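Scroll down for the structure; my scribbles are underneath it.
The model shown is predicted, which means the values in this text are computed figures rather than measured ones.
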Amino acid sequence: MRKNVQLHKLLLVAQAASSMALRDELLKPIWHAFTALDLDKSGKVSKSQLKVLSHNLCTVMRIPHDPVALEEHFKHDDQGPVSTQGYMPYLNKFILDKVQDNFDRQDFNRMCWTLCARKNLNRTHLLISDEDAFKIWCIFNFLSEEKYPLAIVTEEIEYFLRKLTEAMGGSWVEERFEDYKLELSIKQQSLSAWELITLVGRGTFSKGMDRQTLSMGITEVFHELILDVFKQGYMMKKGHKRKNWTERWFLLRPDSISYYVSEDLAEKKGDILLDGNCCVESLPDKEGKKCLFYVKCSDKSYEINASDKKRKQEWIQAIQMCLSLLQLGRTVPHRESLQKRRDLRQKQQAEQEELELRMRELQTANENKQHQLEAMRKKLEEAATNAAEEERIRLQTQTEQQDRYRMDLEREKMVRQEMEEQVAQKSSELEQYLQRVHELEDMYHRLEDALEDEKRARQDEETVRRLQARLLEEEAVKRAELEQIHLHQQRAISETEVEKQELRKEGTAKENALQAAMLQLEQLEKERQGALEQYQEVVQKLEDAANNTRTWKHKVAHHEGLVRLVQPGSKGPQKITNWGPAAFTEAELSLRKKDWQERKSQPAENQ
């Protein structure tokens with residue numbers, strides 16, 4: 001009972017997995033058809049085109065078409081075209097959820113191929129037919145990653161090209177593909193369906209092969225990967241009714257062996273259904289057939305003769321492998337290997353992502369460490385900067401203090417020098433002062449001498465003035481006498497001529513006397529001139545004494561006024577006489593004038 005429950009669970013899981021695999025397999029051709037309807041590559045398709053596409057999908061996959069559901073689904077979206085996100089809910093609900101594995105997948109693929117090839121297939125320089133391009137397109141959908149937009153990775157490209165090269169009977173050149181992979185990795189690491197068709201169709205990896213060989217290789221790979229044909233070829237089959245041997249074209253699939261009239265598969269003659277109870281065994285030679293084996297099923301057995309023992313052994317091994325897969329419930333090897341490669345890539349991608357995550361974490365941690373180190377470095381730099389700044393400030397302060405001490409020392413030195421200079425200057429000034437005192441004392445003595453000289457000069461001047469006054473008095477007396485004589489002469493002239501004669505005589509005598517007087521007067525004049533010259537000398541001496549006195553006065557005033565000069569008294573204006581300047585005062589002149597007038601009046605009274 002437990003085994004039945006577990007088997008039922010396994011069957012449910014297998015059915016769910018098969019349903020999911022079928023859904024993923026169908027979505028790829030539908031995606032091609034949808035993108036082909038997207039003419040302006042905006043990611044959206046008009047609702048009328050989606051209605052036609054949906055109708056064709058339902059027709060090909062034998063699903064009842066419900067146009068009302070389609071209208072109901074898009075009734076809230078009448079504003080322009082619909083994107084894949086808007087079409088996917090309808091596609092899942094009304095088509096993919098209802099699909100059964102009871103339709104011809106090749107018809108489904110051809111319908112989607114017809115929609116997309118018209119727009120995307122570039123037939124220029126292609127060495128293959130449209131049928132071969134369709135087969136490559138189907139192979140691309142089988143090997144491409146389950147990510148959209150669809151693309152085939154480098155590993156699957158190499159797998160497909162290896163299969164194709166083996167199918168053509170060629171040898172795989174690893175170096176050529178490595179060069180192409182390097183070139184491909186520079187641009188991108190994957191190809192689209194149309195790039196893959198171009199790569200194969202232009203014979204990049206089939207050089208030296210003709211078109212027929214390339215087409216046969218594509219067909220063989222297509223049969224293996226898409227139609228799940230493990231092995232195919234001509235063999236002889238023994239009939240059940242007539243027991244005759246007939247050549248047939250056999251196709252080995254995971255759950256059946258189909259045989260056709262010829263390799264074009266136009267006329268199918270029957271199927272040998274395989275299950276876990278079937279077996280295949282070799283038969284001994286009989287009836288002239290040397291490569292016999294038979295396939296034993298639950299209802300009947302089939303005798304088959306291969307062309308040679310090698311092919312016989314290959315067919316037996318291939319059929320045994322299919323039976324083993326059926327007994328173990330496993331899928332076909334190429335699908336299983338594809339899934340393993342995908343799982344491995346996913347695992348590698350997950351590991352890569354995990355590695356990248358760890359790298360990012362390590363990088364983040366490293367960045368954090370770097371930040372911490374940078375922060376520490378900045379702190380150290382700041383500390384070093386602060387230390388350098390403190391050291392600079394300390395050195396600057398020390399330098400400033402040294403400069404200040406040096407300046408203070410220089411200032412003290414300068415002050416000391418200034419004080420020494422001041423002391424020297426004071427000493428010099430003291431010496432100069434003492435010298436000036438000596439000079440002033442000497443000057444004072446000289447001034448006293450000058451004052452004595454001036455006093456003597458004044459006394460000499462007074463003596464000369466008195467002499468001059470005396471001479472003037474004598475001159476006045478002589479002049480008065482001359483005037484008396486002149487008066488007498490005039491009086492005598494006015495008397496008689498006799499008297500005139502006498503007077504002439506007397507005049508002559510008087511003239512002689514006058515001449516003698518004139519001579520005396522000239523003598524007096526000469527004496528007066530001598531006195532005047534003496535007077536001028538005395539005046540010059542007096543002026544020199546006054547100048548000396550003034551010079552000494554200035555010197556004394558310049559030498560801080562230690563000595564006050566004694567100056568002579570001010571003199572009044574000098575009087576000018578007929579014989580030159582005279583030094584008489586007003587009182588003396590008045591007295592002399594009065595005396596002269598008295599003398600002048602006496603002769604008049606006497607007459």
Side-chain angles (χ1 to χ4, degrees), residues 28 32 113 117 120-232 332-353 355:
K28 293 181 179 181
H32 282 290
W113 163 259
N120 298 303
L121 181 60
N122 183 11
R123 295 175 176 82
T124 307
H125 305 300
L126 290 183
L127 304 177
I128 59 176
S129 63
D130 288 354
E131 181 66 20
D132 292 333
F134 164 71
K135 293 175 182 178
I136 296 174
W137 180 79
C138 293
I139 295 172
F140 170 84
N141 290 334
F142 173 72
L143 295 177
S144 63
E145 298 297 300
E146 295 177 356
K147 296 178 182 180
Y148 297 91
L150 293 175
I152 181 171
V153 297
T154 308
E155 182 182 1
E156 300 302 331
I157 296 172
E158 182 180 4
Y159 174 79
F160 169 59
L161 293 177
R162 280 180 180 273
K163 285 281 186 183
L164 181 60
T165 304
E166 292 173 359
M168 291 187 297
S171 58
W172 175 251
V173 182
E174 186 73 28
E175 292 79 9
R176 185 187 303 174
F177 184 76
E178 289 296 328
D179 295 338
Y180 175 75
K181 185 164 64 173
L182 181 62
E183 179 183 354
L184 185 64
S185 64
I186 296 175
K187 300 178 182 179
Q188 55 189 12
Q189 295 184 350
S190 60
L191 294 178
S192 65
W194 317 109
E195 292 172 339
L196 182 63
I197 292 172
T198 303
L199 176 67
V200 178
R202 292 183 178 179
T204 305
F205 288 90
S206 60
K207 293 181 179 180
M209 303 290 182
D210 56 11
R211 295 191 179 190
Q212 185 178 1
T213 305
L214 178 60
S215 178
M216 291 176 62
I218 293 172
T219 302
E220 183 176 341
V221 176
F222 174 77
H223 284 168
E224 179 182 352
L225 299 182
I226 305 304
L227 301 181
D228 294 335
V229 176
F230 286 174
K231 195 168 182 59
Q232 58 184 339
V332 293
H334 61 270
R335 294 182 182 273
E336 187 175 350
S337 64
L338 174 63
Q339 189 61 41
K340 287 181 179 180
R341 291 196 302 272
R342 286 179 177 172
D343 293 341
L344 181 60
R345 282 196 298 272
Q346 290 178 357
K347 182 179 178 181
Q348 290 176 350
Q349 185 177 1
E351 291 177 353
Q352 182 69 22
E353 291 176 354
L355 181 62

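At a threshold of 4.5 Å between non-hydrogen side-chain atoms, the residues Tyr159 and Ser337 count as touching. At a threshold of 4.5 Å between non-hydrogen side-chain atoms, the residues Asp130 and Leu121 count as touching. Residues Glu155 and Arg341 meet the side-chain proximity criterion, which asks for heavy atoms closer than 4.5 Å. The shortest side-chain heavy-atom distance between Leu214 and Arg211 does not fall under the 4.5 Å cut-off.
Ile218 approaches Ile128 most closely through the heavy-atom pair CD1-CG2, 3.9 Å. When all heavy atoms are compared, the tightest approach of Ser215 to Asp132 is OG-OD2, 2.9 Å.
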Q.
Run Thr213 and Asp210 through side chain to side chain donor-acceptor pair (under 3.5 Å) and show every step you take.
A. CA-CA 5 Å; Thr213 305; Asp210 56 11; 2.3 Å; yes
Q) For Glu224 and Glu220, what are the C-alpha separation, side-chain angles and deciding distance, and is it a side-chain contact (heavy atoms from CB on, under 4.5 Å)? A) CA-CA 6 Å; Glu224 179 182 352; Glu220 183 176 341; 5.5 Å; no
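One finds a salt bridge joining Arg345 and Glu145 here, because a Lys/Arg side-chain nitrogen approaches an Asp/Glu carboxylate oxygen to under 4.0 Å. The pair Arg342-Glu146 counts as a salt bridge, with a side-chain nitrogen and a carboxylate oxygen less than 4.0 angstrom apart.
Atom-to-atom distance recorded for Leu355:CG and Gln348:CD is 12.0 Å, nearest 0.5 angstrom. Atom CG of Leu338 and atom CG of Asp343 lie 9.0 Å apart (nearest 0.5 Å). The distance from the CD atom of Gln339 to the CG atom of Leu344 is 11.5 Å, given to the nearest 0.5 Å. Rounding to the nearest 0.5 Å places CG of Leu164 at 7.5 Å from CD1 of Ile136. Atom CG in Leu161 sits 11.0 Å away from atom CD in Glu166 (nearest 0.5 Å). Separation of atoms CG (Leu143) and CD1 (Ile152) is listed at 4.5 Å; rounding is to 0.5 Å.
The ring of His32 has its center closer than 6.0 angstrom to the ring center of Trp137.
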I'd like a table of donor-acceptor pairs (distance under 3.5 Å, sequence neighbours excluded) in which one partner is a side-chain atom from residues 170-177, with atom names and distances.
residue: Trp172; atom: NE1; partner: Glu174; partner atom: OE1; Å: 2.9
residue: Glu174; atom: OE1; partner: Arg162; partner atom: NH2; Å: 2.7

Distance-only donor-acceptor hits, side chain of residues 194-203, under 3.5 Å, sequence neighbours excluded:
residue: Glu195; atom: OE1; partner: Gln188; partner atom: NE2; Å: 3.2
residue: Glu195; atom: OE1; partner: Ser192; partner atom: N; Å: 2.9
residue: Thr198; atom: OG1; partner: Trp194; partner atom: O; Å: 2.8

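Looking at Lys135, its side chain never comes within 3.5 Å of a backbone N or O of Phe222 through a donor-acceptor pair. In terms of modelled atom types and a separation under 3.5 Å, the side chain of Ser144 and the main chain of Phe140 share a donor-acceptor contact.
Qualifying ring pair (Phe, Tyr, Trp, His ring centres under 6.0 Å) partners for Tyr180, counting only residues two or more places apart in sequence or in other chains: Phe205.
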